[in-house]
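Just below is one structure, and these are the notes that go with it.
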Amino acid sequence: MKITFPDGNVREYENGLTSVQIAESISEGLARNVLSATVNGEMWDATRPIDEDATIKFHTWKDSEGKYAFWHSSAHLLAEALEALFDNVKFGIGPPIENGFYYDIDTGDTILTPEDFTRIEKKMLELAQQKNEFERKEISKADAIAYFKEKNDTYKLELLEDLEDGTITFYTQGEFTDLCRGPHIPHTGKIKAIKVMSLAGAYWRGDETRKQMTRVYGITFPKQKELKEYLELLEEAKKRDHRKLGQELELFMFSEKVGSGLPIWLPKGTQIRERLQNYLRQEQEKRGYKMVVTPHIGGKDLYVTSGHYAKYGEDSFQPIHTPREGEEFLLKPMNCPHHCEIFGHRPRSYKELPLRIGEFGTVYRYEQSGELHGLSRVRGFTQDDAHIFCTTEQLKDEFLDVLELTTQVLEKMGFDDFTAQISLRDPDNPEKYIGSDENWDAAEAAIIDATKEVDMETVTELGEAAFYGPKLDFMIKDALGRKWQLGTIQVDYNLPDRFELEYIGSDNQAHRPVMIHRAPFGSMERFMSILIEHTAGKFPLWLTPEQFVLIPVDNKFAPYCEEMKARLAQHDIRGFVDDRNETIGKKIRDNELKRIPLLLIIGENEINAGGVSVRQQGGEDLGAMSVESFVEWFNAQL
RNA sequence: GCCGAUGUAGCUCAGUUGGCCAGAGCAGCUGAUUUGUAAUCAGCCGGUCGGGGGUUCGAGUCCCUUCACCAGCUCCA
C-alpha cells in the first residue's frame with residue numbers, strides 16, 4: 001500500500017501495518033512518541049492496522065490531537081480505577097477537554113469527596129503501569145446493548161439508542177470496557193503523571209431536568225515534570241484572579257448588605273473605569289455618536305413592547321410599584337427600549353440617519369445565584385451601549401465601522417487572543433425568537449457578509465443569538481481559561497418593528513430603520529475583570545490610577561518630593577509621595593506590590609542634580625534623569 | 001436554581017478526639033529609629049469563630065437551617 005506523508009512524500013508499505021510500525025520506519029523516537037494518527041482524514045488509533053493506500057499524519061503529545069487521545073485514554077483509565085474502587089458505579093460520558101479530561105459517573109449512594117482523590121490517583125497509576133493496551137473492537141448494537149444491560153449501565157444504554165448498528169466500537173484496557181469511538185493511545189503505560197483535580201455536579205446530557213451526576217475532573221501527563229509545571233502555572237493564574245487583585249489593589253468590593261452580584265467600585269477602580277470610558281467617548285465622538293442619559297427604570301409596558309417582558313419577565317427582578325397609583329416599573333435590563341423611544345419621540349428624516357445614540361447605561365438583571373462571579377457575572381452593570389438607527393443601505397457600512405471600533409478597542413488593550421463568534425438562532429427552536437424569518441435571514445446575512453468582507457476569522461454558534469437578533473460576539477479567556485463574552489455587535493430588524501419606528505425617506509414615504517446594538521467593552525465590569533487578569537494588575541500607564549510614587553530616601557526630602565509631584569502634575573503625570581516613616585526598602589516593596597509603574601527615588605544626589613532616579617515596576621533601574629528627560633521619556637511610553 | 005466544598009481579626013491562616021480568658025504573621029495605631037532600591041525595632045488596638053436555632057454540665061469544634069463565597073453544571077436580553 002502507498003502511504004502519503006504530510007510533506008507529500010509517498011512510500012510503499014506492506015499491507016496491514018499500523019501507524020506505530022510505519023513511524024518506526026522513520027525513527028524509533030517517533031514510534032515511541034506517536035499517540036494517535038489521522039489516517040485518510042479520520043482519527044485513528046496508532047495501533048490500528050492500515051490496509052489500503054492512505055494519507056497519514058502522526059500525532060504526539062506536541063499537538064492537540066495527540067493530547068486529545070492521551071486525555072481521552074486517561075478518562076478511560078479513570079473509569080477503570082473508579083470501577084475497581086467503588087461498587088455499582090454507572091458511567092456517563094468521559095471526554096478529553098482543553099486541559100485534561102473528565103468522567104461523569106453515578107455512584108448511587110456513595111458520595112465521592114476530595115479525600116478519595118489520592119486513592120484514585122494511586123489506583124490509576126497502578127493500572128497505568130500495567131501498560132494495558134487499548135483494544136478496539138467493532139460490535140453489533142445488539143451485543144453492545146446486551147453488554148451494558150448485564151452491567152446495568154443505564155446511561156451507556158441510552159447513548160447506544162442514538163447510535164446506528166455497524167458504527168459501534170468498544171475499547172477495552174485491562175478490566176474495563178467502554179463504548180467509544182476512539183482513538184486511543186497505544187497503551188496505558190504512556191500515562192506517567194496523574195492528578196484528580198476536582199468534583200462537580202453535571203446534569204446528564206446537559207439537561208437540568210435530568211439526573212445530576214458526579215463529574216470527576218483530572219489531568220495526566222507523559223512526564224511527572226509536566227504535571228508539576230502545569231500545577232505551578234495554575235497557581236500563577238490564581239494569583240491573577242481579578243477577585244483577588246481587585247481586593248488587594250482596592251479596585252472594587254462587594255458587600256453582603258448591598259447585595260450579592262452588586263459590585264461597588266472603589267476610587268482606584270473608578271479611576272480606571274472613567275479613563276476607559278473617556279477613551280471610548282473620544283473614539284465615539286470622532287465617529288459621530290451622540291451621548292444620552294436615560295433612567296434606571298422604565299414602565300412595564302416598555303418591556304412588553306420590546307418583548308423582554310414575555311421572554312424574561314419571570315426571570316428578572318420583579319416590577320416595583322408606585323405606592324399610591326400602583327404603576328409598575330422595571331429596573332432596566334437593557335437600554336435599547338429607552339433608545340427606541342428617543343428615536344421615536346419625533347418624526348425622523350432620512351437625513352438624520354445613521355443616528356448613533358450612545359449611553360454608558362447601567363442595567364440590572366436577575367442572574368441565578370450560582371452564576372455570580374466576581375465582576376464577570378453580576379446583577380448590576382454598566383454597558384458601553386449604543387444603538388445605531390440606519391437604513392438597510394447604510395447597514396453594511398455602519399456594521400463595518402462598529403467592527404473596526406471594536407477591534408480597535410481590543411487592540412488598544414492588547415487583547416489579541418480573542419474569538420469572534422457569530423451567534424445565530426437555533427433552527428430547532430424558532431419559538432425562542434421574535435420576528436419574521438425574513439428579518440432574521442437579512443440580519444444574519446449582514447453579519448456573515450461583513451465579517452467576510454474584512455476577512456475576519458470567526459466561529460459560528462447556533463442558538464447563541466439574542467431573542468431579537470443575531471450577534472457578533474467577541475469572546476476572551478480569563479486567567480483560568482474560562483471564556484467570556486466582552487464586545488458584541490447585533491443586527492436587529494425586530495425591535496424597530498415592535499416599536500413601529502419610522503423615518504421619512506427621500507421618496508416622502510415612511511420606512512422602517514434597522515438597528516445595530518453594540519458595546520465594544522461589553523460591560524465595564526466584565527471588561528475590567530478581564531483587563532485585571534490579562535495585566536495581572538499592571539495596568540497600562542495611561543490607565544493606571546497612580547503612575548508614579550516619589551520615595552524620599554530620607555523624609556527630610558519630602559518637601560522636595562511634593563514640589564516634584566506638582567511639577568510632574570503640570571505635565572499630566574500623576575502620582576503621590578510616600579513619606580511614611582519607613583525604610584526605603586519597605587517603601588519600594590509596598591509600592592511594587594501596589595503595582596505602581598514608576599518608583600522615583602529622591603535623595604541628596606537627585607536634589608543636587610534637580611532630577612529623579614527612576615525605577616520601573618519589576619525592578620529595572622533607569623538611573624538618574626533630569627525632570628525634562630523624565631517627562632520626555634514618560635510621554636514616549638504612553 | 002442544582003451538586004459538592006468552604007466560611008475564625010481589615011488580609012493570609014493556626015486552633016488536637018467538644019473542656020481553662022480563641023492564637024500567629026501582615027495591615028492599623030503609638031513611640032523609637034532617619035533610612036539609597038522588595039519587609040527596622042518595640043508596645044498597643046482588633047474577633048459575640050458568617051447569621052439563626054438545637055444537642056450538651058460545656059460548642060469555633062457535633063446536628064438542623066439560612067446567607068455568602070469557591071469549583072462545575074444549567075442559564076445569560
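All chains are named by letter (A, B, ...) in the order of the sequence lines, taking the proteins before the strands, and each is independently numbered beginning at 1.
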What is the nucleic acid contact for Thr214(A), judged by heavy atoms within less than 4.0 Å: base, sugar-phosphate only, or nothing?
nothing
What's the gap between C62(B) and C2(B) when it is taken at their C1' atoms, as a whole Å value?
27 Å
Could you tell me the separation between the CG atom of Asp578(A) and the P atom of A27(B), rounded to a whole number of Å?
13 Å
Whole-angstrom distance between G60(B) and G53(B), as gauged at atom P:
14 Å
If you look at every strand shown and take non-hydrogen atoms under 4.0 Å, does Gln485(A) touch a base, only sugar-phosphate, or nothing?
nothing
I'd like to know if Arg119(A) pairs up with Asp116(A) as an ion pair, taking the criterion as any Lys NZ or Arg NE/NH1/NH2 lying under 4.0 Å from an Asp or Glu carboxylate oxygen.
yes
Measure the distance from CG on Asn555(A) to C1' on A32(B) and round it to the nearest whole Å.
15 Å
What distance, rounded to whole Å, do you find between the two P atoms, one in A14(B) and one in A24(B)?
16 Å
For the pair Lys90(A) and Glu158(A), find out whether any cationic side-chain nitrogen is under 4.0 Å from an anionic carboxylate oxygen.
no
Measuring from atom CD1 of Ile447(A) to atom CZ of Phe399(A), what distance do you get when rounded to the nearest 0.5 angstrom?
4.5 Å
Return the nearest nucleotide to the side chain of Glu592(A); candidates are U37(B), U35(B), A38(B).
A38(B)
Would you classify Asn605(A) as touching base, sugar-phosphate or nothing, given that sugar-phosphate means primed atoms plus P, OP1 and OP2, and contacts are heavy atoms under 4.0 Å?
base
Could Glu464(A) and Arg425(A) be called an ion pair, given the rule that one side-chain N must be under 4.0 Å from one carboxylate O?
no
Length of the CZ-P vector between Phe117(A) and A5(B), whole Å:
11 Å
Please report the distance separating the C1' of U35(B) from the corresponding atom of G46(B), rounded so that it comes out in whole Å.
30 Å
Would Lys587(A) and Asp579(A) pass as an ion pair if we require N to O under 4.0 Å?
no
Starting at atom NZ of Lys587(A), determine the distance to atom P of U37(B), rounded to an integer number of angstrom.
14 Å
Which residues share a side chain to side chain donor-acceptor pair (under 3.5 Å) with Arg589(A), sequence neighbours left out
none
Rounded to whole Å, the NZ-P distance (Lys594(A) to C11(B)) equals 18 Å
So, does the side chain of Glu606(A) form a donor-acceptor pair with the base of G36(B) at under 3.5 Å?
yes
Would you mind reading off the distance between Ile551(A) atom CD1 and A38(B) atom C1', rounded to a whole angstrom?
10 Å
Quick one: label Tyr102(A) by what it contacts on the DNA or RNA (base, sugar-phosphate, nothing), any heavy atom closer than 4.0 Å.
nothing
Is there a side-chain contact between Leu231(A) and Lys195(A), using heavy atoms and a 4.5 Å cut-off?
yes
Separation of Ile602(A) atom CD1 from G36(B) atom P, in whole Å?
15 Å
Using a cutoff of under 3.5 Å, can you pull out all pairs of nitrogen or oxygen atoms linking the protein to nucleotides 63-65 of chain B, with atom names and distances?
none

State plainly whether the residues Glu367(A) and Arg377(A) are in salt-bridge range, i.e. N to O under 4.0 Å.
yes
Both Arg615(A) and Asp554(A) contact RNA chain B. Which one's nearest nucleotide lies toward the 5' end?
Asp554(A)
Sugar-phosphate, base or nothing in reach of Ile601(A), heavy atoms under 4.0 Å:
base
Runs of at least three consecutive Watson-Crick or G-U pairs, both distances under 3.5 Å, are what I'm after; which ones involve RNA chain B?
B:10-13 with B:23-26, B:28-32 with B:40-44, B:50-54 with B:62-66
Integer angstrom distance from the P of G54(B) to that of C13(B):
33 Å
Just jot down the side-chain contact (heavy atoms from CB on, under 4.5 Å) partners of Ala624(A), sequence neighbours excluded, or say none.
Ser613(A)
Give a yes or no on whether a salt bridge exists between Lys471(A) and Asp473(A), defined as a side-chain N under 4.0 angstrom from a carboxylate O.
yes
Given the ring of Tyr309(A), does Lys300(A) sit roughly above its face, with NZ or CZ under 6.0 Å from the centre of the six-membered ring and within 45° of the axis?
yes
Taking the C1' atom of each, how far is U66(B) from A42(B), in whole Å?
45 Å
Between C76(B) and A59(B) - C1' atom distance, rounded Å
43 Å
Expected rows: protein N/O vs nucleotides 40-49 of chain B N/O, under 3.5 Å:
| residue | atom | partner | partner atom | Å |
| --- | --- | --- | --- | --- |
| U40(B) | OP2 | Thr583(A) | OG1 | 2.8 |

Do Arg243(A) and Glu248(A) sit within salt-bridge range, that is, some charged N less than 4.0 Å from a carboxylate O?
no
Closest non-hydrogen atom pair, His242(A) against Phe252(A)
O-CZ, 3.4 Å
Are the charged groups of Glu546(A) and Arg595(A) less than 4.0 angstrom apart, N to O?
no
Considering every strand and a 4.0 Å limit on heavy-atom distances, what is the contact class for Asp590(A): base, sugar-phosphate, or nothing?
nothing
Arg240(A)/Glu533(A) salt bridge by N-O under 4.0 Å criterion
no
Rounded distance in Å - OH (Tyr560(A)) to P (U34(B))
24 Å
Mark up nucleotides 66-76 of chain B, 5' to 3', with B wherever a protein heavy atom is under 4.0 angstrom from a base atom, S wherever such an atom reaches only the sugar-phosphate, and - elsewhere.
-SSSSSBBBBB
Measuring from Ile530(A):CD1 to Phe415(A):CZ, what's the distance to the nearest 0.5 Å?
7.0 Å
Between Val614(A) and Ser316(A), who's closer to the 5' end of RNA chain B by nearest nucleotide?
Val614(A)
P gap between U65(B) and G4(B), integer Å:
12 Å
